[in-house]
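In what follows, a structure is listed as structure tokens, so that the remarks can point back to it.
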Amino acid sequence: MGELTGRTVLVTGAGRGIGRTEALHLAAAGANVVVNDPGVEIDGSGGDRGVAEAVVAEIRARGGRAVADTGSVADWADARRMVELAVAEFGELHAVVNNATIEVNKGLERLSEAEFDNVVAVKLKGTFAVSHWAAAHWRARFDAGDRTDRAIVNTASGSGLLNPLPTQTNYAAANAGVAAMTTVHALELRRLGVRVNCVSPSMVRTRLTTPVPGMDQAPPDGAPDPKDPAVVAPLVAYLVSDGCPLTGQVLSVRGGTIAVNHGWSRGAQLTSESPVWTVPELAAGLATLALEDPFDRLATALGGALGAHGREEFEAMVNAELERH
Ligand SMILES: NC(=O)c1ccc[n+]([C@@H]2O[C@H](COP(=O)([O-])OP(=O)(O)OC[C@H]3O[C@@H](n4cnc5c(N)ncnc54)[C@H](O)[C@@H]3O)[C@@H](O)[C@H]2O)c1
């Protein structure tokens, strides 16, 4: 018996990368797993049913229980079907792990309407759609007197929560939205016995991050690998487990380090005698406050890049990189 025996978990985008290792880990811990993944390219194009089916075959070969689903989380009817599949196949759904994403990285002036919409549809609307249908099912179970522990685990990114990463208008906005939705849903669903948390992986080696310098280097044989996608799965397993008390949390995972995120927080403030400011008063007043430079923030996120280059040189490097996208 594993610690998740008897729990049924739907993992979206579970055919590759972090979602795949989450599905394998949850199944090894005894959970029944719905492996959702349409097997699309990074930009959302194409599709390969074999991607989800291969993970299911891997789980079954190890004696676990899993079923494949190849619907898109961005499709309202598909999202409903994956929740129904869990119940039809395993008799119940206890947890949803919203992990699916696509990426289309371009500078704002080049990013098309469709490229914005498509990324937001998978990352943000997809999280809403699957959570909606799960919550509707859990509402009915709650009304029928069922008090089983339920959980949602969303997936955000430092891009959107912490770092103003250039070329990620769509992805950053969607991830910030996922974190915001996590706290709203945690509040709303507590009355139904549903806990809602969010993980935010960082520097994990998947097809999304292989272009990042240094990401393709694995440590020598046998040494622990802090960039292995498997570093995220134990936290997800804990968050979906019956008896985990956490709700409303957004937790970053980088190698073996887990950090609690506090989100936007109020900084220094000015108050005028009259509630209506004049523009000169605003200009003088705001000049006295410590304001954050987004380039400083990016440099910090990149590990103190400013120290090596200086502010102007760093901005020029970022601008040159932007011209390539
Ligand atoms: N890799 C990292 O370092 C990193 C950092 C921050 C956040 N994340 C987040 O972790 C999650 C997993 O990312 P990854 O790096 O494993 O990426 P990945 O590309 O390896 O896996 C994403 C999976 O989602 C699937 N997918 C795409 N569109 C879908 C849809 N409409 N419906 C269902 N599935 C769909 C893809 O087919 C793919 O298999 C994402 O939410 C991502 O934002 C990853």
Side-chain angles (χ1 to χ4, degrees), residues 10-25 34-55 68-79 81-82 85 96-105 117-130 153-163 165 168 170-179 181-182 198-212 214-216 225-233 235-236 250-255 259 261 301:
L10 161 60
V11 184
T12 72
R16 303 189 184 93
I18 295 169
R20 173 179 162 275
T21 56
E22 289 170 346
L24 293 173
H25 186 104
V34 179
V35 176
N36 159 261
D37 205 307
V40 295
E41 300 298 322
I42 290 177
D43 66 1
S45 62
D48 178 358
R49 301 179 62 84
V51 169
E53 283 161 3
V55 177
D69 176 272
T70 55
S72 167
V73 296
D75 184 290
W76 196 241
D78 282 3
R81 269 192 291 272
M82 51 190 91
L85 175 66
V96 166
V97 180
N98 288 305
N99 164 78
T101 204
I102 60 170
E103 270 190 15
V104 180
N105 298 336
D117 287 348
N118 292 345
V119 171
V120 172
V122 175
K123 193 29 119 150
L124 185 60
K125 182 191 162 190
T127 298
F128 159 61
V130 179
V153 180
N154 295 326
T155 309
S157 168
S159 172
L161 298 189
L162 305 167
N163 318 327
L165 285 188
Q168 295 201 330
N170 44 9
Y171 184 73
N175 277 302
V178 166
M181 220 150 62
T182 299
C198 182
V199 295
S200 176
S202 175
M203 300 297 276
V204 173
R205 189 182 307 104
T206 69
R207 64 180 186 169
L208 296 185
T209 53
T210 37
V212 177
M215 282 307 288
D216 55 349
D225 182 358
K227 299 187 178 76
D228 191 310
V231 299
V232 185
L235 176 60
V236 169
V250 180
L251 302 171
S252 293
V253 186
R254 185 170 195 161
N261 289 294

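Whatever order the structure lists them in is the order used to number ligands and atoms, beginning at 1. In what follows, residues are counted from 1 in the order of the sequence shown.
Ranking the protein heavy atoms by distance from atom 40 (C) of ligand 1 puts N99 O, 3.1 Å first. When only non-hydrogen protein atoms are considered, atom 14 (P) of ligand 1 lies nearest to T206 OG1, 3.6 Å. Protein heavy atom in closest approach to atom 1 (N) of ligand 1: V204 O, 3.1 Å. Scanning the protein heavy atoms around atom 21 (O) of ligand 1, the nearest turns out to be R16 O, 4.0 Å. Looking from atom 31 (N) of ligand 1 to the surrounding protein, the closest heavy atom is S72 OG, 2.9 Å.
Interface of N36 with ligand 1, defined as ligand atoms under 4.0 Å from a residue heavy atom, comprises 33 (C), 34 (N). Proximity to G13 (heavy-atom distance under 4.0 Å) selects the following atoms of ligand 1: 23 (C), 24 (O), 25 (C), 34 (N). Residue R207 has at least one heavy-atom neighbour below 4.0 Å for each of these atoms of ligand 1: 18 (P), 19 (O), 20 (O), 36 (C), 37 (O), 38 (C).
Between V232 and E22 there is a side-chain heavy-atom pair separated by less than 4.5 Å.
For the side-chain hydrogen bond (donor to acceptor under 3.5 Å, both in side chains) condition, the pairs that include at least one residue of residues 68-77, sequence neighbours left out, are N36-D69, R49-T70.
R16 pairs by the salt bridge (charged side-chain N to carboxylate O under 4.0 Å, His left out) definition with nothing, not counting sequence neighbours.
In this structure, T12 does not count as a contact residue of ligand 1, since none of its heavy atoms falls inside 4.0 Å of the ligand. Within the 4.0 Å heavy-atom cutoff, P201 counts among the residues contacting ligand 1. Look at P38 and you'll find a heavy atom under 4.0 Å from some atom of ligand 1. Residue contacts with ligand 1 include A156, since one of its heavy atoms falls under 4.0 Å from the ligand. Ligand 1 is never approached by I42 to a heavy-atom distance shorter than 4.0 Å.
Looking at T209 against ligand 1, only its side chain comes within 4.0 Å, counting heavy atoms. With a 4.0 Å cut-off on non-hydrogen atoms, T101 touches ligand 1 through its backbone as well as its side chain. In L208, the part holding a heavy atom less than 4.0 Å from any atom of ligand 1 is the side chain. Counting heavy atoms closer than 4.0 Å to ligand 1, residue R20 contributes nothing at all.
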(message) If you apply the rule side chain to side chain contact (heavy atoms under 4.5 Å, CB included), what do you find for D37 with V55, and how did you get there?
(response) CA-CA 10 Å; D37 205 307; V55 177; over 6 Å; no
